[in-house]
Number of protein chains: 2
Amino acid sequence: MAHRPSHRLPKIPEMTIRRLSVYTRCLLQLEEDGIKTISSQDLADRFNLNSAQVRKDLAYFGEFGVRGIGYYVSGLKAELQRILGLDREWPVALVGFGNLGSALFHYRGFGRQGFRIAVIVDDDAGKVGRDVDRVPIVATRDVAGEIRTREIQIAILAVPAESAQAVTDQLVAAGIKALLNFAPTRLRVPKDVRLKNVDLSIELETLSFYLAKSLK
Amino acid sequence: MAHRPSHRLPKIPEMTIRRLSVYTRCLLQLEEDGIKTISSQDLADRFNLNSAQVRKDLAYFGEFGVRGIGYYVSGLKAELQRILGLDREWPVALVGFGNLGSALFHYRGFGRQGFRIAVIVDDDAGKVGRDVDRVPIVATRDVAGEIRTREIQIAILAVPAESAQAVTDQLVAAGIKALLNFAPTRLRVPKDVRLKNVDLSIELETLSFYLAKSLK
DNA sequence: TAGATTGTTAATCGATTAACAATC
DNA sequence: TAGATTGTTAATCGATTAACAATC
């Protein structure tokens, strides 16, 4: 079978996406500071990157600059927000409302870029049915309905490792398309579901490697 | 000036270190399951890696396998723990004891690999002086003494963005050599201090990029 | 126009993978 | 020994960087 006309498929490197996210935050700050234009060199210098890399990252998506000038801050910001999907609201399900879930709920910075926790999922009888800042807490057995009505595609998983796979299966069945997982366990999801693990142990162990090495 | 005899400096890729951490956890599990040996192919298959990559990752540090057999699980586990610095206890300072700090304190999995929270730092008058599971909570102004007496080299930063740089400066002055930062801000540290940022916004924005793209 | 900076091609660098002699 | 699997070299792949014509 023939592939779709691949006019947008030159396979974007993951690191490019991550840098676009960094550029976007920088542009938001520049705009606040009243700066109108910025060159790829200026932008690169702020993050110890190469200016060619900045231009190449952007070139995957179009031509946004003006030769001799650079990039218009607010224009580029808007383009990157569109590319990253930050030009709309993303309702998010927060699954697990223990210490970590609560911390993530109050984490400032999610909201700023259009992510809005629309429902909290927790099976604790003392929590189900309550609201937190107008966000309802529902039990796992009711999650499918909530996800469908609210058209939620993103879930943040902050439950213990033991229950992570079971609740993931239900989330996926209900239509969740992307998962940010904090449970220290390897989840299995269908190929069309995007899974990103935040693995705190790896981060710490990387640090201790360098410390141990410098001890000789 | 001549370099030191570089008999251990072929510059290890960061991704290699991260994979060693993954291998180690797998080996712990295999040992629990009573499995005695494993080949690079077996190990690679569990993580969709290439067997040559597994062997190359290990080859940076020595020859740990037996031709025709593979690797002895408990032997390799011990070697990797030594390489990653997991064959000793690392006292850790947990800085900030709000929702996130509390969640990290109770996070299982740190302790398993030798990281032990030895002191909690928080300036809330209601918290200072108390203990949590025998771990003392101290104020920032007393942190230097604690870090020196307990020989703490690693800090986990779970404070608001506004106070992150100030407390970091004090931690570094007191001798902290590695920082795992959860505050959504760019910290400046001396070159010899290892800094790893956990950036939750980037993770979410990467997810929304792929969702937005698949919407066309 | 002259100076600046883009978008893009070609060169470089580094990491992954294939292949295979060594050897248990 | 024959079969299996390592450690390592060479080939491949992909990402970063340098260089520069195009052009504002």
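Below, chains carry the letters A, B, ... as their sequence lines are ordered, and counting in each starts from 1. In this text, all values refer to a predicted model and were calculated from it rather than measured experimentally.
At a threshold of 4.0 Å, the pair D57(A)-R19(A) counts as salt-bridged, since one of the basic side-chain nitrogens sits closer than that to a carboxylate oxygen.
Crowding of Y72(A) atom OH: a count of heavy atoms from other residues, nucleotides or ligands under 6.0 Å not exceeding 12. Atom CD of E14(B) has more than 12 heavy atoms from other residues, nucleotides or ligands within 6.0 Å. Within a 6.0 Å sphere centred on CZ of F64(A), heavy atoms belonging to other residues, nucleotides or ligands number more than 12.
Using a 4.5 Å heavy-atom threshold, the side chains of T16(B) and Q53(B) count as separate. In this structure, R46(B) and C26(B) have side chains that are in contact, with non-hydrogen atoms separated by less than 4.5 Å. Residues V167(B) and V143(B) have side chains not in contact (no heavy-atom distance under 4.5 Å, counting atoms from C-beta outward). Side-chain contact check for L157(B) versus L180(B): every heavy-atom pair is 4.5 Å or farther apart. Using a 4.5 Å heavy-atom cutoff, the side chains of Y71(B) and S40(B) are in contact.
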Under 3.5 Å for both distances, Watson-Crick or G-U wobble, that's the pair rule; now give the dot-bracket for DNA chain C, with | marking pairs to another strand and [ ] for crossing ones. ..||||||||||||||||||||||
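Across R82(B), K77(B), Q81(B), a single residue satisfies side chain to side chain donor-acceptor pair (under 3.5 Å) together with E79(B), and that is R82(B).
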Run the salt bridge (charged side-chain N to carboxylate O under 4.0 Å, His left out) check on R25(B) and D199(A) step by step: do they pass? CA-CA 12 Å; R25(B) 242 175 303 163; D199(A) 189 325; 3.1 Å; yes
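Sorted by first and then second residue, the salt bridge (charged side-chain N to carboxylate O under 4.0 Å, His left out) pairs with a member in residues 179-197 of chain B read E203(A)-K196(B), K177(B)-D192(B); sequence neighbours excluded.
Heavy-atom contacts of chain B under 4.0 Å fall on DNA chain D between two terminal nucleotides, which in 5' to 3' order are dA4(D) to dT9(D).
Checked by atom type and distance alone, the side chain of N181(B) never pairs as donor or acceptor with a backbone atom of N197(B) at under 3.5 Å. Side-chain atoms of S102(A) do not come within 3.5 Å of backbone N or O of N99(A) as any donor-acceptor pair.
A perpendicular orientation is assigned to the rings of F209(B) and F61(A), their planes being inclined by more than 60° (bins at 30° and 60°).
For DNA chain D, the neighbouring residues in residues 63-72 of chain A, judged by any heavy atom under 4.0 Å, are V66(A), R67(A), G68(A). Annotation: proximity of residues 15-41 of chain B to DNA chain D (heavy atom, distance under 4.0 Å) is found for S39(B), S40(B), numbered in ascending order. Remark: R55(B) in residues 44-55 of chain B come within less than 4.0 Å of DNA chain D through at least one heavy atom.
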